[in-house]
Amino acid sequence: MVVVDFDLFMERYGYKILLGIFGMIILGMFAIIGIWAYVALKYLGLFFGGLVVALVAVRSLVNRRILDAQAKVFSKYFYDDRKRR
């Protein structure tokens, strides 16, 4: 029976395993988005499906900017940068 040192195993294979897991998660996210766009284009037709996909893309970009602006405002409101005595 071969006993493998855990630290040696993690040094040789651990980062590759973690990279593979995170890569599969990222690919899964893109796959879900791709499948959703395919279904929208297939069932709604090229024009309306493309319109829905474009509207969702624009909305996500606008929503990101809105959330960034809210984060800046809330950070100024909740973060007190005055020096304590």
Side-chain angles (χ1 to χ4, degrees):
M1 182 171 166
V2 177
V3 177
V4 178
D5 185 22
F6 181 72
D7 292 332
L8 180 62
F9 174 78
M10 288 302 290
E11 185 178 329
R12 288 187 75 177
Y13 303 111
Y15 296 113
K16 294 174 188 172
I17 293 171
L18 287 175
L19 181 66
I21 291 171
F22 286 127
M24 287 176 24
I25 290 171
I26 297 296
L27 285 176
M29 290 169 44
F30 283 119
I32 290 172
I33 293 170
I35 291 170
W36 179 85
Y38 172 75
V39 168
L41 290 172
K42 181 173 180 171
Y43 289 111
L44 296 176
L46 188 60
F47 179 72
F48 289 115
L51 186 64
V52 168
V53 170
L55 287 175
V56 168
V58 168
R59 176 65 183 154
S60 65
L61 292 173
V62 170
N63 198 22
R64 179 177 173 221
R65 289 190 179 193
I66 290 171
L67 291 175
D68 285 341
Q70 286 178 346
K72 287 179 184 176
V73 169
F74 287 143
S75 68
K76 288 180 183 178
Y77 180 74
F78 287 111
Y79 179 67
D80 187 15
D81 58 354
R82 292 181 289 175
K83 297 202 178 220
R84 305 267 180 198
R85 289 188 224 176

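Residues passing the side-chain contact (heavy atoms from CB on, under 4.5 Å) test with Leu67, sequence neighbours excluded: Asn63, Gln70. Listed by chain and residue number, nothing satisfies the side-chain contact (heavy atoms from CB on, under 4.5 Å) test with Leu19 (two or more places apart in sequence, or in another chain). Partners of Ile21 under the side-chain contact (heavy atoms from CB on, under 4.5 Å) rule, at least two apart in sequence or in another chain, are Ile17, Ile25.
The minimum heavy-atom distance between Val53 and Ala40, with the atom names listed, is CG2-CB, 4.2 Å.
Cluster membership check: Ile66 shares its hydrophobic cluster with Val58, using side-chain heavy-atom separations under 4.5 Å among Ile, Leu, Val, Met, Phe, Trp and Tyr.
Separation of atoms CG (Asp7) and CE (Met10) is listed at 9.0 Å; rounding is to 0.5 Å.
Residue pairs meeting the ring-ring contact (aromatic ring centres under 6.0 Å, His included) criterion with at least one partner in residues 40-69, sequence neighbours excluded, do not occur; the list is empty. Sorted by first and then second residue, the pairs that involve residues 8-40 and meet ring-ring contact (aromatic ring centres under 6.0 Å, His included), not counting sequence neighbours, are Phe9-Tyr13.
Leu27 forms part of no hydrophobic cluster, judged by ILVMFWY side-chain heavy-atom separations under 4.5 Å.
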